[in-house]
Structures are given as C-alpha cells and as structure tokens.
Amino acid sequence: MKQMGSDPISFLPNGVRPHLAGLCLMAATSLAAAAPPDFAQVKREWRSSEAWVLDRDGRPLQRLRVENKARRFEWVALDAVSPQLKAMLIAAEDQRFEEHDGVDWKAAMSAAAGHLGGSGARGASTLTMQLAAMLDPELQRADDATPRSMAQKLRQARAAMAIEKRWSKAQILEAYLNLVPFRGELTGVSAMSWGLFGKAPHGIDRREAAVAAALVRGPNAHAQRVTRRTCLLLTAQVEQRAKPESGRAAMQQNDSCAGLAAQVEQVLARGYEAFPAQNGAPHAARRILADAPVRGGTRITSTLDADVQAKARTALRARLTELTGRNVEDGAIIVLDNASGEVLAYVGSSGDLSRAAQVDGASAPRQAGSTLKPFLYALAIEERRLTAASVLDDALLKVQTDTGLYIPRNYATSSRGPVSVRASLASSLNIPAVRALAIVGPERFVERLRALGLSTVEESADHYGPSLALGSADVTLIELANAYRTLANGGMTSAVRLRRDVPQPAQRRVASAVASHIVGDMLADRAARAVAFGLASSLETPFWSAVKTGTSKDMRDNWTIGYSTRYTVAVWVGNASGSPMHDVSGVSGAAPLWRDLMLHLHPRGAGAGEPLPPPGVVATRLTYQPAIEAPRREVFMAGTERTLVRLAEPALQSAIVAPVAGSIHALDPDIPPANQRLIFKANAPPGAQWHLNGRPLGEARTTAWFPWPGKHLLRLVGADGQVLDQVDFEVRGARVKTAAR
C-alpha cells in the first residue's frame, strides 16, 4: 500500500483517533482474501442485454433486447471513451484514484470523523471499491435505503485492495465504466451515452460528462438534484483551471451552469433507444428470436441481405409518400431467393409512417384478393379440366349459396363475353375465375392451397364458397410469397429460411411442373395482360417476369406478387388497422414498388432469363373461330394441345335480367312511391309477355312496376304461351304512406 505519511490519522482530532485506529486494525486483520477475478475474465463473462441479427455477410442489421434486468450495450474500450467523461468521473467519485491502492484512507478517515462528529459527511468509497461491489453480489446493498454493514465494508475494502494488486488502473477504470449503473436501467457507458445523449461514448462533451458523473451518485435522482450536482462538478473544474482572484473564475462558473436545468430535464426525458443504424429489420429479428430464444450478446447470422433490405425499406417509404392523401400508411415486403428459399428482405411495416409500426405486416393474415387465381388455374390445367386456350364466359353469373345469391363482378365492372383462360388470368377477370372454381371444385382448391403452405386457409370449402376464387381467404405475405416461389420452381416447395445456421429444408412436389410453367407463361404475357392493364404498366419489366396483382374487398389490401427465374418479390400495401384505402388498386399501389425492387435485383437484366419448358409442354399455333382473340402461340400440357378453338354460334337466350331470382326488396314508407318502382327487364323475343303471379302484365319490355308487399312469381311467356324464364322475389315493408288530409 502506498504511504500517505508516518501517521495517516494525525490530522484528525485526538478524540476521534482511537475509534479510527480500531477500524484500521479490523481492516488490517482482514486483508487476506480470495483472489478476485482478473480483468480478462470479467470482460469475457460480461454480457450485453441485447442480441444482434446480422445480415448474410455479417453486417449488423438489428439489435433486440433479450434481457430485462438492465440495459447494456457492447463493452467499450477505455480509449473509446471521451476524456472529458473519464476526468469528470474521477473528479466526482475518486479524486485520488491514481494515488491509492484501492482504499483512500485519508477520505475514509475524514468520512468516519464526520460521522462520529455528527456532521453527516458522505462515504469515501473509491472507484475500485465500487467496482468490487459490482463484481460480488454479497458486497451489494439490499436496497438504496439500507447501508452496507461494517463487515461488508471491510470485505469491500479488502476486495478493492486485491483488485489493485492484479489489475492496472486503466483496466479498473474501463471495467467500472462498463459496469456502473447511470440512470434507471441504463448500465455501462455505451447504454448511457446512446440512451441519454444519442451518441457514442467518445463523443460526450464536458457538460454531458458532468451530467453522467452526477448520475453515478444518484441514478434515480430527480432532475433538480442532478442539476445541482452537475453544476457543482462544472464549477469545481472551473476553480481548478482559473485563479479566483483574477475575476475570471466567477464569470466562468456562471457560464458553466447557464441553461443547465433545461438541458438536464431534456436529457432525463429522452426515451432510451438503441442505435438507429441497427434498426433495419425489427420484424424479421423478432421472428428469428421467437423461433430460437437466445442470450444477451448473441449474434445470429440471418439470410437477409443488408443492401436489399435497405432498398426495400427506402422504396416502401418513398411509395407511401407518393400515395399521401389516399389513406394508406403501411406496407410490407418479402424478397425470396427461388433456389434456396432464403429470405433476402423482410420488411414488416413502414416504420414511423405507420400508427401501428410494431404490427408485422409480413406475417399478419389479410384477405388475399385475386392473388390466389394462379393456383386455381394451375390446378385446373394439371387435372386436364382446362387449358390456357379454353374459353370461359365472362358474363353475368348468379350462384345460389346457403346465404343467398352470389353475383361476382369484375374489377372494372364490365363483362367481355367469351374469353380464354390466358386472358382471364393475366387480366384478373373475376367471373371466369368463379366458373373455373366450379369446374375444379372448392374442396380440391382448399386442399391445394394448404399444400402450398398457406396455413391460414383453415376453414372448410363450404365456409368460403365461390368467393374463394376471388381470394376471400386470409393469407400472410410471407406464405403467399413462398407459394409463388413454388410456381417459379416448377411445383416444388420448401419452407423459407431466415437463419444461415439452419439447414436448407428439403423440397417436395405439390404441383405439376407443366401446369406451373403454363401459369407462369400466362402471368408473364404482356399482350394477355393488356386487356385489363394496357400494354404499358408498372407490371412490365425489361426481362422475363411473371406477376399478379390483388385487391381485397373495399380496397383494404393491395398486393403485387411476382417472380423472375431467380427471385420472388411480394408486396402488400394497406393499413394495419384494416381501414380502406382511397382509390388505390394493385397496379397503382403495390405494383410500382414491386417493379422498383425487381429492377434493383436485376441490374441491366442480370440474372434474369426466360425459364425453359419442362418435359410435357407442347407449343402450337392457335386460332379462334370466330376470332374472339388474335391468333397466337399457345402452350399446352401434352395430350391437350389444339390448333383451332371453334365456338358455337351464340343463340339468343330468352331470360329475365331483373329482378334477380330470390331477391328481397324492402319498401320505405318515407320515400315517395314514384321513387320505389321495381324494374322488370328481360332478353325477350318479339311477342313475349310478362306474367306476374299468374296474371298477364303486358309486353315484356323494360317495365317499372309499383312494388307490393308479399312473395311474387314473375314469368317471361313467349307468344306461343310457353314459359321462357321465371324468377321468384319478395317485397317487404308496410304500405306506402298516403298524403295527410
């Protein structure tokens, strides 16, 4: 132990010396102690409260807290700490740090004299003694209000002196800075500097250093107390630098504390946040850690590509900014490597643009819209029920269900009459898709969707009904993306992979390679897509790509999902709350974002080629008669090919157009009768008549009938007396009010 003089207590009053001599004797008799841990061991066993998710090349992407007792960031080397902070901490806690051997006997005896004399002087715990208590739980106080016992204090002094014998002063100060609590849960210099000041430890300035040093004495002190102590520290440094008699010291003292109260209030009111630069994949990181909980300090290498992830996040924010005013604030993006199933980008929300940024839009079930149609047509082609050349009628369709009539309509509300499967899928026509579902069977389609990995398709086929063809089932973006990846891989599927240390899942076949190729060919057909989207749209890329859009009911969800031979990109745009967007369709909302990412993944078309047809695909020249579509090259499953599709001459079908069979109409007594007429309309031959409830009603032309409560039977009767069509309907409600007398 370094000597302080021949008599270390000679400066104290005679009455106090015997008590202190006894304490020194007790300490001296207890100096023999077990060896403390060495510096390397402490540093090795220290653990951050955070886990890091790295990208595929080891670049930090996301930091997530996994331990809740304290907030600790990475260990900081002493030379990476601001000199101002080191100096201020020593000045505040241990002014003779460089001189003593663990115990500052002079300060200890002054403190003891103050206690014995009733002055209430503070203790004299050195930085080394404080460090000893941090390393040994038995030396820590039970709580802030309970002082250490005399035995604890003696053991603490003994441990401090043992540390000083084995550690250098630099190691002691470095360990202290990384282990000391500063404020609330913020422990260590890194968590403190980022949590309170939003900067790295090397950037702490003089005033910030004084605030930090003031917090060591009282980590949970109120702002006024922290301000007073900070001012004292700043003032003390000024006094050491300038002579008071010069007049400059007093002026500098005032300057040092000017505006300090406001600064301290602002610092203590900050939200404790991690590095902004390591918040690039929060939803992916939570998904990774949920699958395999980890300890603090763990670094997990993900499959994500930091560049693709950053591009996806930036592009999403840019797209949503362009849609300002249309009530759309959220989105999600998934980018998959087709061959491996590795997730290259996983964006769960728009971040601060969203009022529900914590909701993972990539894993949240949402209504699929038209994005399920490719799997329906692939199944129909695989089972040889349809070909890409088959003709479906895009005309008014009424489907009777258990809950009433289901009448699907196209997005553009118009009908096109006879149309090929190719044009129906590429242009996303709804009525032909419902007809295709009736051909395949809802049960088979539900089975196929589940086989593709769409786990949220949980209900029975009867529950979804014919609307399943138009995407009434809920799906998640990541599972839907992987289902499209299955098409890109010729019907082979496997689970996606987010961690590099997880073995690549085995693939299994769930769909025909031939049918998958034909559907991809249809989704990539610019000419077939032009029926609905035109020749120039956000779905076009300068290289081969297959793409499908989807919009759910009331424009609540907006999808664009497509693939090249190398990558699959899936985009969802909408609101986490489920509120509808204003005039945002798949091609105007998500599609520009999808195209932007596809171009980023294939600079100048690199890595994008047209897929080779698998065995069993036959290409022929196809002509329609009459020419409902232009002659073209068409691809077929071997054995189903044809060169000519001849349509039967359409015959005039006599039918009642309105009212719809099974419909119910309600009268409102507050609406004038003239505004409540029910329209009868039919495709009728000359001489046809209306018959209502068995009574002639007149010529079968468009007729405005005054509705009357009850059940009614309307018939279309030909000139020869034959019933050409009939519908039943019901009118409900009271008699219409008459004018008051």
### Query
What's the verdict on side chain to side chain donor-acceptor pair (under 3.5 Å) for S455 and E479, showing C-alpha distance, side-chain angles and the deciding distance?
CA-CA 8 Å; S455 63; E479 290 184 349; 2.7 Å; yes
### Query
If every non-hydrogen atom of D360 is compared with every non-hydrogen atom of G348, which pair is closest and at what distance?
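Answer, listing the atom of D360 first, then G348: OD1-CA, 3.5 Å.
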### Query
How far apart are the closest heavy atoms of L392 and P432, and which atoms are they?
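In terms of heavy atoms, the two residues are closest at CD1-O, 3.5 Å.
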Will you find, in the side chains of [X] and [Y], an N or O donor that is under 3.5 Å from an N or O acceptor?
| X | Y | value |
| --- | --- | --- |
| S340 | D337 | yes |
| H283 | S363 | no |
| D330 | S354 | yes |
| W690 | T703 | yes |
| S428 | K373 | yes |
| W572 | N558 | no |
| E634 | T620 | no |
| R632 | Y624 | yes |

Keeping the roles fixed (side chain from [X], backbone from [Y]), state whether a donor-acceptor pair exists under 3.5 Å.
| X | Y | result |
| --- | --- | --- |
| N575 | E329 | yes |
| Q367 | K553 | yes |
| T640 | M637 | yes |
| H602 | M598 | yes |
| R450 | V457 | yes |
| R485 | S494 | yes |
| N693 | L713 | yes |
| S427 | A528 | yes |

Report the residues that fulfil side-chain contact (heavy atoms from CB on, under 4.5 Å) with [X], sequence neighbours left out, ordered by chain and then residue number.
| X | value |
| --- | --- |
| S516 | L487, A511 |
| E699 | Q689, R701 |
| E458 | none |

[X]: side-chain hydrogen bond (donor to acceptor under 3.5 Å, both in side chains) partners, not counting sequence neighbours:
| X | value |
| --- | --- |
| S390 | T387 |
| R497 | E342 |
| R529 | E540 |
| Y464 | none |

What distance separates [X] [atom1] from [Y] [atom2], expressed to the nearest 0.5 Å?
| X | Y | atom1 | atom2 | result |
| --- | --- | --- | --- | --- |
| R526 | L539 | CZ | CG | 11.5 Å |
| S538 | D596 | OG | CG | 10.0 Å |
| M522 | S420 | CE | OG | 8.5 Å |
| L535 | F533 | CG | CZ | 13.0 Å |
| L622 | F636 | CG | CZ | 5.0 Å |
| L599 | S545 | CG | OG | 9.0 Å |

Is any side-chain heavy atom of [X] less than 4.5 Å from a side-chain heavy atom of [Y]?
| X | Y | value |
| --- | --- | --- |
| I561 | K548 | no |
| R326 | M581 | no |
| I628 | L647 | yes |
| W559 | V573 | no |
| D393 | R435 | yes |
| T551 | D557 | no |
| I334 | Y346 | yes |
| P626 | R646 | no |

Which residues pass the ring-ring contact (aromatic ring centres under 6.0 Å, His included) test with [X], not counting sequence neighbours?
| X | result |
| --- | --- |
| H691 | none |
| H712 | W705, F729 |
| Y484 | F375 |

### Query
With sequence neighbours left out, which residue pairs that include part of residues 468-478 fulfil the side-chain hydrogen bond (donor to acceptor under 3.5 Å, both in side chains) condition?
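Output for this query lists S467-S472.
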### Query
After noting the C-alpha distance and the side-chain angles of L437 and F445, does the key distance pass the side chain to side chain contact (heavy atoms under 4.5 Å, CB included) rule?
CA-CA 8 Å; L437 179 63; F445 189 37; 3.8 Å; yes
### Task
Using a cut-off of 6.0 Å, state whether more than 12 heavy atoms not belonging to R509 lie near its atom CZ.
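More than 12 within 6.0 Å, yes.
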### Query
Would T560 and L593 satisfy side chain to side chain contact (heavy atoms under 4.5 Å, CB included), going step by step from the backbone distance to the final call?
CA-CA 9 Å; T560 299; L593 181 52; over 6 Å; no
#### Entry: Sequence neighbours excluded, every pair satisfying salt bridge (Lys or Arg N to Asp or Glu O under 4.0 Å) that has a member inside residues 708-731
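Matches after skipping sequence neighbours: E730-R732.
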### Query
Given N482, which of V343, T493, T568, L477 fulfils the side chain to side chain contact (heavy atoms under 4.5 Å, CB included) condition?
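That would be T493.
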### Task
Go through the steps to decide whether D521 and R422 satisfy the test salt bridge (charged side-chain N to carboxylate O under 4.0 Å, His left out), and finish with yes or no.
CA-CA 9 Å; D521 188 75; R422 174 174 290 272; 2.7 Å; yes
### Query
Is there a side chain to side chain contact (heavy atoms under 4.5 Å, CB included) between T541 and V547 once you walk through the steps?
CA-CA 10 Å; T541 60; V547 61; over 6 Å; no
### L344/L336 under side chain to side chain contact (heavy atoms under 4.5 Å, CB included): CA gap, chis, key distance, verdict
CA-CA 6 Å; L344 303 180; L336 301 178; over 6 Å; no
